[in-house]
Amino acid sequence: MGLMMDLEMDKLVSLCKRRGFIFPSSEIYGGINGFWDYGPLGVELKRNIKEAWWRDNVQMRDDMVGLDCSIIMNPRVWEASGHVGGFSDPMVDCKDTKERYRADQLYVFAYVFPAVNHKGEPAEAWLAGLGSSPGEAAEHPEKKAAKLAKKLGQPTAPPTIIPYMQLDLADRDKVIGPSTDERGTLTEPRSFNLMFKTFVGALENESSIAYLRPETAQGIFVNFKNVVDTGRVKLPFGIAQVGKSFRNEINPRNFTFRSREFEQMEIEYFCRPEEAKDWYAYWRKARFQWYVDLGLRSDRLRLRDHDAEELAFYSTATADIEFAFPFGISELEGIAHRADYDLTQHMKHSGKDLSYFDEELKERLVPHVVEPSAGADRATLAFLCEAYAEDQVGGETRTVLKFHPRIAPIKAAIFPLVKRDSMPEKAEAIYRDLRRHFNVFYDEKGAIGRRYRRQDEAGTPFCITVDSQTLAEDTVTFRDRDSCWQWRVPIAGVVQSLRDLLEGQAIPANP
RNA sequence: GCGGGUGUAGCUCAGUGGUAGAGCCCCUGCCUUCCAAGCAGGCGGCGUGGGUUCGAUUCCCAUCACCCGCUCCA
């Protein structure tokens, strides 16, 4: 499948750059791995996606409220959530055998043998062993040393034992890893905690460490009590948030898909424990349908339930909404049944009561939660992939982005057919009128066909052209992006016509 | 992190150990009545840092970025 698909992704990346959707971050300085910028068209597209999400999931519902939390929070939030402890062991890789070790379980046994090398220095062997204590780790190096002793003589003294973590940088190259006979194949210890660290305040020490949030969800949990106390909300209800998150990914890949800075659209939907299963089923379906309604209609979209081994220990059910990207099938959104895990964790760590009092049933409980967690950048990339098409028009290939009108960066472009006979003035007047209602674009440069094609690449659903017939009868030409069909609309009805079309009204049959 | 590939104009790509090219785009003017027209002119570049050399965009080393495969992915 490689070739065709690679080609398609290359073309999309190229189009995104050429038309101003997505640029590499800080490109004039050589870029920075895992970070991307949205250009003039990209920012409109992504905003439209986020706004559609907010409108559909918050403003159009009675049971949802919004929230916008700080990115940096009290570090104890991440202790409670498990992000600090969960994945912070420094790891060491063996470049020779590809083995991976926990650095705190590696001990180096430095042996000195009586034999001398050509410089007259005694032979040394720095042998690494693996174990939870030096005694446990000694076994393997001892065997190796015994072997070497046959050639080099019995060691002159017991080995010096050095925890790998405390090894001098200069000595690291001497070390022979547990699974190899080569020297210097072990990497430096690397922390695999994916949270970005920073310092708050003037002092840069342990007590001032803080983290850039790796997800927006925890900000919702820690504000649960605030919202309940002030928001006049009743179970079941959800809290939604859109915002940046940061993960120091080991290996960013696939254009914007796995970025180190990215934007999430998350809902925590709180409900009574006995209703959680039903709400999980509800959101699982509703969130899938949302993508379909916005244009991911093809069989590239799928809903996959996690099997038992895949589930987090606190979750009873999780489903991924996946999209078949050119580089593979990958996750757009996860819908997780998280029970009362997060609220309980924060109750333990903060010492605050985060339970909810049900007025009707006169009962105090810790709500369960269903979490639909979506990636705004991943959604944007999926919509770009889905929209990308190469059509044949009049024997020529055209590139077109067939966005759903709701997410299209520009809703319509207005052109004078030629730059004279007062056509520019008329077209500009229409443009100014439309601009009050929609994001529209005016262009009078070059040949009309070129202007159409340029809008096709931007994904603009409609073009409106002022021509000589306009001067005679006050009508303009509407042109549909996907079919290239054209029809006439009275100038007075342009705003309403465009609104109807953007809201899904079918285009007139081609005369 | 490992292996492979790529890096020349805004974009797509040629090319050379000796003053760097094309097409498209863009800008200006002329011309143009519906799907990337034509003419004339213009802007603009060898990813970065070292080394070899009289001279490096070219050869060597390092580094960065991107792509592919593996690995990783709370």
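Computed over heavy atoms, backbone and side chain alike; hydrogens, waters and symmetry mates excluded. So you know, we letter chains A, B, ... as the sequences are listed, proteins then strands, and number each from 1. What you see is a predicted model, and the numbers here were worked out from it, not measured in a lab.
Residue contacts for A/R398: at a heavy-atom cut-off of 4.0 Å it reaches no nucleic acid atom on any strand shown. Backbone-only contact: A/G34 has heavy atoms under 4.0 Å from sugar-phosphate atoms and none from a base. Among the atoms of the strands shown, none is found under 4.0 Å from any heavy atom of A/R481. Residue A/P214 is in base contact, counting any heavy-atom pair closer than 4.0 Å across all strands shown.
For residues 447-476 of chain A, the pairs satisfying ring-ring contact (aromatic ring centres under 6.0 Å, His included) are A/F415-A/Y452, with sequence neighbours left out.
Remark: the A/E457 side chain and the B/A36 base include a donor-acceptor N/O pair separated by less than 3.5 Å. Side-chain atoms of A/R479 come within donor-acceptor range of the base of B/C35, with a qualifying N/O pair under 3.5 Å.
For B/C59 and B/U16, the P atoms lie 10 Å apart once the distance is rounded to whole Å.
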Between the protein and nucleotides 4-11 of chain B, list the N/O to N/O atom pairs that are separated by less than 3.5 angstrom.
residue	atom	partner	partner atom	Å
B/C11	OP1	A/K17	NZ	2.6

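Ring geometry for A/H337 versus A/Y280: interplanar angle of 30 to 60°, hence tilted.
The side chain of A/Q486 approaches B/C35 more closely than any other nucleotide in the set B/C35, B/U33, B/C66. Here the side chain of A/D421 is nearest to one of B/C34, B/U33, B/C35, namely B/U33.
Proximity of residues 253-266 of chain A to RNA chain B (heavy atom under 4.0 angstrom from any strand atom) is restricted to A/R253, A/N254, A/F255, A/R258.
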